[in-house]
Participant: 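Okay, handing you the structure first.
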Amino acid sequence: MTMRRVFSGIQPTADSFHLGNYLGAVRQWVDLQDSRDAIYSVVDMHAITMPYDPETLRRRTKVAAAQLFAAGLDPERCILFAQSQVPEHAELCWILSCLTGFGEANRMTQFKDKSAKGGAEASSVGLFTYPILQAADILLYHADEVPVGEDQRQHLELSRTLAQRFNHRFGKTFTVPAPYILPAVSKITDLQDPTAKMSKSSSSPQGIIDLLDEPAAIRRKINRAVTDAESVVRVDDDAKPGVTNLLRIYAALSGDPAGDIAARYGDAGYGGFKKDLGNLVADTFAPIRERTAKLLDDGDTLDRLLADGARRAGAIAKQTMAEVRDKCGFPPAILAFYSERSRLFGHCPRLLICNRTLLANHTDRGTIQYSRAGNVSEAPVFPLEA
Ligand code: TYM
């Protein structure tokens with residue numbers, strides 16, 4: 001039996017991931033490597049939908065990848081790549097954009113939230129169409145499931161709608177992806193405002209715990225987390241959102257049920273509870289922080305790991321796009337520009353590009369042959385040098 005496939009992405013928009021990213025997404029990514037065919041991406045193209053600095057983005061993409069490997073992603077058991085290194089994401093995004101209604105895109109609440117700050121007029125069109133790029137990310141890989149936090153649910157609904165719409169209009173092509181959301185960790189809240197999501201764009205430094213924070217900073221932030229005037233540790237989302245959030249974090253990291261933890265501390269006040277939780281978070285993150293620093297010290301290895309991930313992801317994405325292009329009524333993509341003098345193709349006259357529906361074979365005539373459903377056709381490839 002083939003394994004179900006998962007795909008997920010994370011934006012490199014900060015110098016560190018935070019506890020919400022870790023519990024809501026990254027930890028599931030690590031766990032799912034064993035039971036699923038797992039593909040993950042640092043979605044750097046999503047990170048340019050807001051004003052940004054190219055050098056900062058370049059650095060953060062690497063820091064993001066390093067943190068993911070340090071947290072337990074294993075290139076032998078999953079594919080991890082930078083989105084911009086697989087250009088098919090942008091290509092499919094355009095095709096899906098042409099299937100998305102303006103009103104449909106306009107209903108995405110995250111655009112409303114993010115554009116509210118500077119006003120919709122000042123927001124980029126990229127920020128508006130961002131959920132369509134997200135749909136392209138997922139559909140390119142025929143993902144069955146998408147491990148994310150609660151805030152991504154609406155975007156996943158759009159991905160499902162677009163998959164179904166494409167399939168209906170052009171014939172079965174895409175897998176309709178299901179969300180993989182664990183309710184206990186799907187919305188970790190801000191330590192200073194426990195009714196709001198912990199968020200890299202809106203939380204204050206005291207409200208957010210970064211994966212790369214120093215252990216002392218982690219303990220201090222937990223110690224100062226907003227709770228309530230009672231001194232009883234118990235789960236109660238409405239009356240005690242701060243304590244409940246801390247209990248959820250504790251339960252997720254220790255593996256103990258929240259009720260058992262609450263019973264352990266009872267009405268002894270919050271001091272001991274917060275101290276133990278601070279140590280637990282600090283001890284969980286310290287080794288990840290150390291491994292991240294080591295990986296970043298060896299930038300060449302990190303680049304090589306990402307390039308290898310892009311090669312593997314790109315092979316799948318190309319297959320999907322060959323089918324999509326054909327169904328949309330486009331001619332096959334020119335998959336190879338060859339150079340008579342280039343060593344690569346010069347010594348490899350028969351370039352085979354195998355797709356599910358397309359088998360391309362580089363001929364001596366400056367064409368590629370491809371077969372679809374048993375019929376052989378030829379398409380031109382263009383020499384780079386005359
Ligand atoms: P991003 O980069 O904002 O967040 C990455 C992941 O972390 C989860 N998350 C949280 N989970 C629980 N509690 C929180 N406070 C919390 N904050 C963030 C997010 O739900 C997410 O799973 N649009 C996506 C990135 C993306 C993507 C994709 C995801 C692009 N393409 C394809 C899945 C599939 C985003 O901005 O996530």
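Predicted, not measured: the structure shown is a model, and the values here were computed from it. The first residue of the sequence shown is numbered 1, and numbering continues consecutively from there. As a basis for the values below, the full set of heavy atoms in this structure was taken, side chains included, without hydrogen atoms, waters or symmetry mates.
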Participant: Is the closest side-chain heavy-atom distance between Leu139 and Thr173 below 4.5 Å?
Facilitator: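 No. Closest side-chain heavy atoms not under 4.5 Å.
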Participant: Which pair of heavy atoms, one from Asp256 and one from Arg264, lies closest together, and at what distance?
Facilitator: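 Looking at all heavy atoms of both residues, the closest pair is OD2-NH2, 2.9 Å.
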Participant: Here's a test for you: under side chain to side chain donor-acceptor pair (under 3.5 Å), which of Asp190, Asp151, Thr189 qualifies with Lys197?
Facilitator: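 Going through the options one by one, the only one that passes is Asp151.
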Participant: Just do the salt bridge (Lys or Arg N to Asp or Glu O under 4.0 Å) check on Arg5 and Glu145 with the steps written out, would you?
Facilitator: CA-CA 7 Å; Arg5 177 170 287 165; Glu145 291 163 296; over 6 Å; no
Participant: Do Leu140 and Val42 belong together in a cluster built from hydrophobic side chains that touch within less than 4.5 Å?
Facilitator: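 Leu140 and Val42: separate clusters.
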Participant: What are the two closest heavy atoms between Pro12 and Ala47, and how far apart are they?
Facilitator: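 Looks like CD-CB, 3.9 Å.
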Participant: If we ignore angles and hydrogens, is there a donor and acceptor under 3.5 Å between the side chains of Tyr130 and Gln11?
Facilitator: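 On atom types as modelled, these side chains qualify, holding a pair under 3.5 Å.
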Participant: Any Lys/Arg nitrogen of Lys62 or Asp303 sitting under 4.0 Å from an Asp/Glu carboxylate oxygen of the other?
Facilitator: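 Yes, charged N to carboxylate O under 4.0 Å.
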Participant: Any idea which heavy atoms bring Cys328 and Phe166 closest together, and the distance?
Facilitator: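 Result for this residue pair: SG-CE1, 3.8 Å.
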Participant: Looking at every non-hydrogen atom in both residues, tell me the closest pair between Val26 and Ala71 and how far apart they are.
Facilitator: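 Looks like CG1-CB, 3.9 Å.
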Participant: Look at Asp37 together with Arg4 and state whether they make a salt bridge at an N to O cut-off of under 4.0 Å.
Facilitator: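 Salt bridge flag = no for Arg4 with Asp37.
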Participant: Using the six-membered ring wherever Trp is involved, compare the ring planes of Phe273 and Tyr250 and label them parallel, tilted or perpendicular (cut-offs 30° and 60°).
Facilitator: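 Geometry flag for Tyr250 against Phe273: parallel rings.
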Participant: Flag this pair as yes if the NZ/CZ of Lys275 is under 6.0 angstrom from the six-membered ring centre of Tyr270 and inside a 45 degree cone about the axis; otherwise no.
Facilitator: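 Lys275 over Tyr270 ring: no.
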Participant: Taking all non-hydrogen atoms of both residues into account, name the closest pair between Phe174 and Ala163 and its distance.
Facilitator: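 Scanning both residues, the minimum pair turns out to be CB-CB, 3.9 Å.
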Participant: Check the hydrophobic clustering (I, L, V, M, F, W, Y; side-chain heavy atoms under 4.5 Å; chains of links allowed) and say if Leu306 and Ile79 are grouped together.
Facilitator: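 No, Leu306 and Ile79 fall in different hydrophobic clusters.
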Participant: Can you tell me if Gln319 uses its side chain to pair, donor with acceptor, with the backbone of Ala315 under 3.5 Å?
Facilitator: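 Not a single qualifying donor-acceptor pair exists.
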Participant: Please confirm whether Tyr40 and Phe81 have ring centers closer than 6.0 angstrom.
Facilitator: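 No, the ring of Tyr40 stays outside the 6.0 Å limit from the ring of Phe81, centre to centre.
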Participant: Would you say that more than 12 heavy atoms from the other residues, nucleotides or ligands in this model lie under 6.0 Å from the NZ of Lys112, or not?
Facilitator: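 Check passes, neighbour count above 12.
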Participant: Classify the ring geometry of Tyr141 against Phe7: parallel below 30°, tilted from 30° to 60°, perpendicular beyond 60°.
Facilitator: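 Geometry flag for Phe7 against Tyr141: parallel rings.
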Participant: Quick check: closest heavy atoms across Ser123 and Ser115, and the distance to 0.1 Å?
Facilitator: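 What the structure gives for the nearest pair is OG-CB, 3.0 Å.
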Participant: Less than 4.0 angstrom from a charged side-chain N to a carboxylate O is my criterion; do Lys294 and Asp297 meet it?
Facilitator: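 So Lys294 does not pair with Asp297 through a salt bridge.
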Participant: Do Asp267 and Arg234 meet the salt-bridge criterion of a basic N to acidic O distance under 4.0 Å?
Facilitator: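 Asp267 and Arg234: not salt-bridged.
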Participant: Begin with the C-alpha distance, continue with both residues' side-chain angles, and end with the deciding distance and a verdict on salt bridge (Lys or Arg N to Asp or Glu O under 4.0 Å) for Lys221 and Asp213.
Facilitator: CA-CA 10 Å; Lys221 288 181 190 181; Asp213 269 344; 2.8 Å; yes
Participant: Identify whether Leu211 and Leu68 are in the same connected component of the hydrophobic contact network (ILVMFWY, side-chain heavy atoms under 4.5 Å).
Facilitator: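 Linked, Leu211 and Leu68 end up in one cluster.
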Participant: So does Arg59 pair up with Asp15, basic N to acidic O under 4.0 Å?
Facilitator: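 Between Asp15 and Arg59 there is a salt bridge, with a charged N closer than 4.0 Å to a carboxylate O.
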Participant: Does Gly101 offer a backbone N or O that forms a donor-acceptor pair with the side chain of Glu104 under 3.5 Å?
Facilitator: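 Yes; at least one donor-acceptor contact below 3.5 Å.
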Participant: Shared ILVMFWY cluster between Ile10 and Val185, side chains joined below 4.5 angstrom?
Facilitator: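 Hydrophobic grouping puts Ile10 with Val185.
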Participant: Can you confirm whether Arg311 sits close enough to Gln85 that some side-chain heavy atom of one is under 4.5 Å from a side-chain heavy atom of the other?
Facilitator: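 Side-chain contact under 4.5 Å: no.
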Participant: Using only heavy-atom distances, determine whether the side chains of Gln83 and Asp137 contain a donor-acceptor pair under 3.5 Å.
Facilitator: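 Yes, Asp137 and Gln83 have a side-chain donor paired with an acceptor closer than 3.5 Å.
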Participant: Is the closest basic N to carboxylate O distance between Asp210 and Lys200 below 4.0 Å?
Facilitator: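 Salt bridge absent between Asp210 and Lys200.
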Participant: When you measure from the side chain of Gln33 to the backbone of Asp74, do you find a donor-acceptor pair of N or O atoms at a distance under 3.5 Å?
Facilitator: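 Between the backbone of Asp74 and the side chain of Gln33 there is a qualifying donor-acceptor contact (under 3.5 Å).
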Participant: Distance only, no hydrogens: is a donor on one side chain within 3.5 Å (strictly under) of an acceptor on the other, for Ser84 and Asp44?
Facilitator: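 Looking only at side-chain atoms, Asp44 and Ser84 do form a donor-acceptor pair, the distance falling under 3.5 Å.
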Participant: Return the OH to CG distance between Tyr180 and Leu32, rounded to the nearest 0.5 Å.
Facilitator: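 Tyr180 atom OH to Leu32 atom CG measures 4.5 Å (nearest 0.5 Å).
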Participant: Using a strict cut-off of less than 4.0 Å between a Lys/Arg side-chain nitrogen and an Asp/Glu carboxylate oxygen, indicate whether Lys240 and Asp228 qualify as a salt bridge.
Facilitator: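 A salt bridge links Lys240 with Asp228.
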Participant: Do the charged groups of Glu157 and Arg153 touch, with an N to O distance under 4.0 Å?
Facilitator: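 Answer for the salt bridge query: no.
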Participant: Kindly compute the distance separating CD1 (Ile249) from OG (Ser254), expressed to the nearest 0.5 Å.
Facilitator: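 Output value for this atom pair is 11.5 Å.
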Participant: Do Thr244 and Asp237 meet the criterion of a side-chain donor-acceptor pair at a distance under 3.5 Å?
Facilitator: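 No, Asp237 and Thr244 have no side-chain donor paired with an acceptor closer than 3.5 Å.
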Participant: Report yes if some heavy atom in the side chain of Val233 is under 4.5 Å from a heavy atom in the side chain of Leu246; otherwise report no.
Facilitator: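 No. Closest side-chain heavy atoms not under 4.5 Å.
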Participant: Is the number of heavy atoms from other residues, nucleotides or ligands within 6.0 Å of CD (Gln154) greater than 12?
Facilitator: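 Enclosed.
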Participant: Could you give me the CA-CA distance, side-chain angles and deciding distance for Glu214 and Arg219, then say whether salt bridge (Lys or Arg N to Asp or Glu O under 4.0 Å) is met?
Facilitator: CA-CA 9 Å; Glu214 302 264 357; Arg219 291 193 196 95; over 6 Å; no
Participant: When you group the ILVMFWY residues by side-chain heavy-atom contacts below 4.5 Å and let the links chain together, are Val30 and Ile39 in the same group?
Facilitator: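 No, it is not one cluster - the side chains of Ile39 and Val30 are not joined through contacts under 4.5 Å.
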Participant: Decide whether Ser202 and Ser199 meet the rule of one side-chain donor and one side-chain acceptor closer than 3.5 Å.
Facilitator: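 Yes, Ser199 and Ser202 have a side-chain donor paired with an acceptor closer than 3.5 Å.
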